[in-house]
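Since the structure comes first, as structure tokens, the remarks are kept for the end.
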There are 2 protein chains.
Amino acid sequence: MATAMAHEHADARPDLLPTLEDRGYRLTGPRLRIAEHLARRRGSFTAEELAGELPGLGRATVYRTVKLLLDAGVLCKATLPDGAARYSLDGPHHHHHFVCVSCGKVQEFRHPAVERLVRAIRSDVPGELVGHRIELYMNCAECLARGQE
Amino acid sequence: MATAMAHEHADARPDLLPTLEDRGYRLTGPRLRIAEHLARRRGSFTAEELAGELPGLGRATVYRTVKLLLDAGVLCKATLPDGAARYSLDGPHHHHHFVCVSCGKVQEFRHPAVERLVRAIRSDVPGELVGHRIELYMNCAECLARGQE
DNA sequence: CCAGCTAATGATACAACATCTCATCCTTGA
DNA sequence: TCAAGGATGAGATGTTGTATCATTAGCTGG
């Protein structure tokens, strides 16, 4: 990698449950299972995949918990070109995504120029800027290498 | 508006059908109706809305044609924060979107800094950059004014 | 420690969006 | 004009996510 701009998570966040507790949510069996599973898991996933990996848990519960963790900032959501949503453990800072269109891997990236850009645009907008989404689509190094075999 | 950066389309493109013909697609009745309707229409829309506005046409046909026009570059697709897709007539140049989260209006914008940013990032990516999506979410001037009434 | 309030669960239905199937129709090129 | 095969449309199917609601089980206060 040319710079330290992009990175994957080295290890999962151990503070997943406390985050829920701090928000006044109950620590239930299903949430524990989901938290443990996420801590062990690597890579990005869809809500449906997650539900499939946790037999015995209701689909609705998995979807509800994903949304909860999304609001809590534990998970973040990336969107593929076709609109499909993938989730992954969230880094502690504001960031955007590299999404591999071949394998679905999601990497975070930060770049000061991004926020500079948003700030520059904000002053020109005929209205109130309330958010932005920036996703970069790529073929990751692994997929490129695999394709050349 | 502070600059000429953002704009809506002044008039629809008359070359909608030739574009299809050039690509080897047949000029059929349903496609004609859709093209005429789009030329007359203003603003953005969902595929479902479009189907509703064209009674007598099969839903599948409308969806298929939207995708066709998307590939042909006649339409472009913007994505709302919740993942919903809205379509609008595409400008002739590469651009990104302002999307009003209140009324769904889509405006195009171009900013040289965007492409500069993408170029800067491209050289740092551990892989091959194949595309990007940048959407800015806002409350447009009209919605702000309406909210203050 | 226990009771009870209430959030959380999970089975299921529902909803929105999009695609697939396939018999039939219609454009097109010869 | 006619045949070939792309296009259509009704409906089934798939995907993703939310609403409903009776039941279960955390938490808290006594």
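Numbers restart at 1 for each chain; the letters A, B, ... are given by sequence-line order, proteins then strands. The analysis underlying the following values was restricted to heavy atoms, covering all of them including side chains, and did not include hydrogens, waters or symmetry mates.
With hydrogens and angles left out, the side-chain atoms of Thr79(A) and Arg133(B) include no donor and acceptor closer than 3.5 Å.
Here Arg26(B) does not reach the OP1 or OP2 of dC26(C): none of its side-chain N or O atoms lies under 4.0 Å away. Note on Tyr87(A): a side-chain N or O is less than 4.0 Å away from OP1 or OP2 of dG17(D). Distances shorter than 4.0 Å separate none of the side-chain N or O atoms of Thr46(A) from OP1 or OP2 on dT16(D). Residue Arg59(B) places none of its side-chain N or O atoms closer than 4.0 Å to OP1 or OP2 of dT19(C).
In terms of modelled atom types and a separation under 3.5 Å, the side chain of Glu53(A) and the main chain of Leu50(A) share no donor-acceptor contact. The backbone N or O of Gly104(A) sits less than 3.5 Å from a side-chain atom of Ser44(A), completing a donor-acceptor pair.
For the contact set between residues 60-68 of chain A and DNA chain D, defined by any heavy atom under 4.0 Å, the members are Ala60(A), Tyr63(A), Arg64(A), Lys67(A).
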Output, in order, the C-alpha distance, side-chain angles, deciding distance and verdict of salt bridge (charged side-chain N to carboxylate O under 4.0 Å, His left out) for Glu108(B) and Arg110(B).
CA-CA 7 Å; Glu108(B) 301 181 0; Arg110(B) 284 193 294 152; over 6 Å; no
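You'll find the ring centres of His94(B) and His111(B) outside the 6.0 Å limit.
In this structure, OG1 on Thr65(A) lies 8.0 Å from CG on Leu57(A), to the nearest 0.5 angstrom.
A salt bridge does not link Glu21(A) with Arg26(A): none of the charged nitrogens is closer than 4.0 Å to a carboxylate oxygen.
Proximity of Val106(B) to Tyr87(B): side-chain heavy atoms (C-beta onward) are nowhere separated by under 4.5 Å.
Counting to the nearest Å, the P atom of dC17(C) and the NZ atom of Lys77(B) are 13 Å from each other. We find that CZ of Arg31(A) is positioned 19 Å from P of dT24(D), with the value rounded to whole Å. Per the geometry, CG belonging to Leu50(A) stands 16 Å off C1' belonging to dT15(D), to the nearest Å. Rounded to an integer number of Å, the gap from CD1 of Ile34(B) to C1' of dA7(D) is 11 Å. Here the P atom of nucleotide dT18(D) and the CG atom of Asp71(A) are 11 Å apart, to the nearest Å. Between Leu27(B) atom CG and dC26(C) atom C1' there is a gap of 13 Å when expressed in whole angstrom units. If you take CG of Leu32(A) and P of dT24(D), they are 21 Å apart, rounded to a whole angstrom. For the pair Leu57(A) CG and dA8(C) P, the interatomic distance rounds to 15 Å; values are reported in whole Å.
In this structure, Ala85(B) and Tyr25(B) both approach DNA chain C, and ranking their closest nucleotides by distance from the 5' end singles out Ala85(B).
Of all the heavy atoms in His97(B) and Ala78(B), the pair that sits closest is ND1-CB, 3.6 Å.
Here Gly56(A) lies in heavy-atom contact (under 4.0 Å) with sugar-phosphate atoms only.
The bend of the helix from dC1(C)-dG30(D) to dA30(C)-dT1(D), defined by the angle between the axes of its first five and last five pairs, stands at 30° to the nearest 10°.
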